[in-house]
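Sequence positions, counted from 1, serve as the residue numbers for this chain.
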Amino acid sequence: MNTFPIMLGALCVYALAYRYYSAFLAAKALALDDRRTTPAHTYEDGHNYVPSPKWVLFGHHFAAIAGAGPLVGPTLAAQFGFAPGFLWLLIGAVLAGCVQDFLVLVASIRHKGRSLADIARTEIGSFAGLVSMIAVLFILLVTLAGLGIVVVNALANSPWGVFTIGMTIPIALIMGLWMFKSHAGEIQITGPSIFGVVCLLAAVIGGHWFANSAYSAVLNFTPHQITAMMMVYGFVASVLPVWLLLEPRDYLSTYVKLGTIAALIVGVFIVHPNIQFPNFTQFISGGGPIIKGKLFPFLFVTIACGAISGFHALVSSGTTPKMCDKETDARFIGYGAMLCESLVGVLALIAACSMNPGDYFAINCAPAAFTKLLAVHPEWHTVNLDMFSQEVGEKLAGRSGGAVSLAIGMAQIFRGLPGMAKLMGYWYHYAIMFEALFILTTVDTGTRVARYVLQELVGKVYKPYANNAWLPSNLSATCIVVAAWGYLIWTGNISTIWPLFGTGNQLLATIALAIVTTFLINMGKAKYAIFSFVPMVFVGITTVTAGVEGIQTIFWPMHLVKGKEFAGYLDTFLMSLFIAGVVLVVANAILCWIRVLNGGPVPKEAFGPPVSKEGEIKMTCC
């Protein structure tokens with residue numbers, strides 16, 4: 001099957017969805033109006049609340065939401081065949097993921113840039129807010145672990161990758177100072193952008209030199225060492241002012257991400273590789289070597305981003321609303337960035353499915369598991385794997401987790417471009433850098449968001465702790481957050497963390513959709529609430545089913561395995577907590593809908609109708 005019409009059709013769907021569907025939601029459901037002052041201006045402090053240009057904030061937001069999910073999820077889901085993942089990425093993003101991100105962003109802007117849990121408190125009630133806060137915190141910690149372990153697997157024993165990723169930090173610091181502090185009262189864009197892109201490309205090329213030098217052992221780290229360094233980075237990045245490292249690094253990585261996406265699209269159109277996988281494999285009925293469960297419900301939690309992601313709701317109610325310059329920017333940033341992430345997922349799926357199935361399974365399965373698979377499917381023998389290993393200079397067999405097979409798939413497309421046939425090694429390590437940048441920018445933003453949530457939660461007991469400007473609170477909360485996700489990475493692996501992350505992430509999306517449905521109903525926009533209610537029902541049913549089956553088949557049986565007893569109990573507890581949290585929040589939301597739709601009072605601190613009876617634009621809530 002040729003990929004040219006597939007890629008063209010996907011781009012047309014995205015363009016039509018943004019032009020018409022997002023405009024409809026902006027005008028009718030949300031009534032966006034630039035006369036409302038955004039929190040970035042009302043509470044500008046130069047640290048967390050910083051008015052930012054639309055394109056810069058789009059870069060930060062896209063970099064923050066686009067983590068491992070749209071890359072690794074579709075790659076792992078290729079086990080089921082090409083068609084299921086492609087359809088879910090396309091339909092799920094347009095009708096669910098983009099809607100969630102857009103609505104949550106606007107809701108947070110109208111609630112002074114507050115968190116998702118705080119919006120639940122004001123729109124639904126104090127109990128729903130508390131439950132949401134606890135569920136969000138635990139799900140976020142697991143999400144950060146799920147994203148982080150992919151980086152660990154990609155950068156372990158890879159001096160080239162570590163060198164390139166490490167260089168992005170000083171490059172971003174210089175960009176941040178240049179962009180925000182070199183000219184008083186003026187943000188510089190052009191100069192820092194050119195500087196950052198040139199330096200980043202130099203870092204990729206320099207990484208090859210370093211990896212082949214006598215000093216390469218200095219940056220050859222074990223998985224545990226990579227985990228420790230990620231924890232240090234996550235701590236530092238989340239306590240520094242957003243303009244110094246977080247925003248410029250995200251902005252820089254967005255050039256890489258969008259540039260690579262554009263190059264992949266061009267590569268698909270020029271090379272138009274054939275899809276080597278069938279539309280459906282026999283593993284849709286379960287028993288696959290990578291994902292043990294059936295297509296339903298496990299496809300919808302394996303592709304944990306790209307179609308819809310609860311983590312995005314945290315970013316849309318975390319850093320982004322505090323930097324949004326105008327209310328109408330939310331459409332471009334919220335709906336548009338999610339469309340781009342879905343496109344990333346489609347490209348990742350194409351790259352994975354353009355590989356020979358034998359090479360794909362040899363990379364993503366342990367050697368013993370691949371041997372068993374060959375005994376049943378001898379036609380799935382390796383074809384190009386030895387050649388790929390020789391060209392990239394690394395052993396590829398048994399490198400499970402999806403990152404390596406995706407990098408090979410991308411490099412295989414790039415090498416098909418004119419004049420690129422001998423650059424497989426460069427393209428592979430460029431793809432690894434691309435993936436690591438995707439994920440690390442999500443880890444630093446996610447750690448900051450988790451810190452906000454933890455500070456809000458503890459602040460209910462000790463009020464000064466909720467003050468984001470109080471340094472002891474910032475440092476201690478960040479330490480707790482980093483230690484939690486670092487522990488999960490240190491003691492886990494991709495086969496245990498990814499199902500927990502994927503299911504928890506989608507359960508968080510269910511919570512977010514319930515909250516924004518309530519937000520619309522309380523605004524008097526009940527007839528438009530159907531556009532968030534239907535995705536909430538579908539995502540909730542599939543994910544709760546996956547969570548229950550995951551407890552029965554993955555997490556609870558772990559307590560019977562020697563050395564994994566505690567992990568089995570912990571993972572079972574976390575999954576049970578996630579499910580209970582979702583049920584409680586959705587139940588409270590439904591009670592709120594019934595009350596308001598039957599003429600009852602809207603919660604006192606809810607945003608309410610966006611326009612008064614006198615025709616005046618309502619500026620803010622609570």
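Every pair passing side-chain hydrogen bond (donor to acceptor under 3.5 Å, both in side chains) that includes a residue from residues 415-427 is listed here, sequence neighbours excluded: His208-Tyr426, Glu391-Arg415. Within the structure, side-chain hydrogen bond (donor to acceptor under 3.5 Å, both in side chains) contacts touching residues 342-353 (residues at least two apart or in different chains) are Tyr14-Ser342. For residues 345-374, the side-chain hydrogen bond (donor to acceptor under 3.5 Å, both in side chains) pairs, not counting sequence neighbours, are Asn364-Ser405. Identified under the salt bridge (charged side-chain N to carboxylate O under 4.0 Å, His left out) test for residues 261-272, with sequence neighbours left out: none.
By the 4.5 Å heavy-atom criterion applied to side chains, Phe269 and Thr3 are not counted as neighbours. In this structure the side chain of Gln276 reaches within 4.5 angstrom of the side chain of Asn274, judged on heavy atoms. By the 4.5 Å heavy-atom criterion applied to side chains, Leu76 and Ile303 are not counted as neighbours. Counting heavy atoms from C-beta on, the side chains of Tyr452 and Asn474 never come closer than 4.5 Å. Between Gln79 and Pro289 the shortest side-chain heavy-atom distance falls below 4.5 Å. Asn505 is not listed as a side-chain neighbour of Val142, based on a closest heavy-atom distance of 4.5 Å or more.
Classification of the Phe62-Phe58 ring pair by plane angle, with boundaries at 30° and 60°, yields parallel.
Here the CD1-CD distance, from Ile261 to Glu341, works out to 9.0 Å after rounding to the nearest 0.5 Å. The distance from the CH2 atom of Trp485 to the CD1 atom of Ile497 is 11.5 Å, given to the nearest 0.5 Å. From Gln188, atom CD reaches atom OG of Ser193 across 10.0 Å, with rounding to the nearest 0.5 Å.
With hydrogens and angles ignored, the 3.5 Å screen pairs a side-chain donor or acceptor of Arg448 with a backbone N or O of Leu240. Counting only distance, with no hydrogens or angles, the side chain of Ser238 and the backbone of Phe235 share a donor-acceptor pair below 3.5 Å.
In this structure, Lys292 forms no cation-pi arrangement with Phe283, as its terminal cationic atom is not both closer than 6.0 Å to the ring centre and no more than 45° off the ring axis.
Between the side chains of Thr260 and Tyr430, at least one donor N or O sits under 3.5 Å from an acceptor N or O.
Partners of Ser52 under the side chain to side chain donor-acceptor pair (under 3.5 Å) rule, at least two apart in sequence or in another chain, are Glu247.
Ala348 and Pro74 make their closest contact through CB-CB, 4.4 Å (heavy atoms, listed as atom of the first residue, atom of the second, distance). Closest of all the heavy-atom pairs between Leu200 and Ile171 is N-CD1, 4.0 Å.
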Could you give the side-chain donor-acceptor pairs of residues 216-224 under 3.5 Å, partners two or more places apart or in another chain?
residue	atom	partner	partner atom	Å
Ser216	OG	Ser213	O	3.4
Thr222	OG1	Gln225	N	3.3
Thr222	OG1	Gln225	OE1	3.4

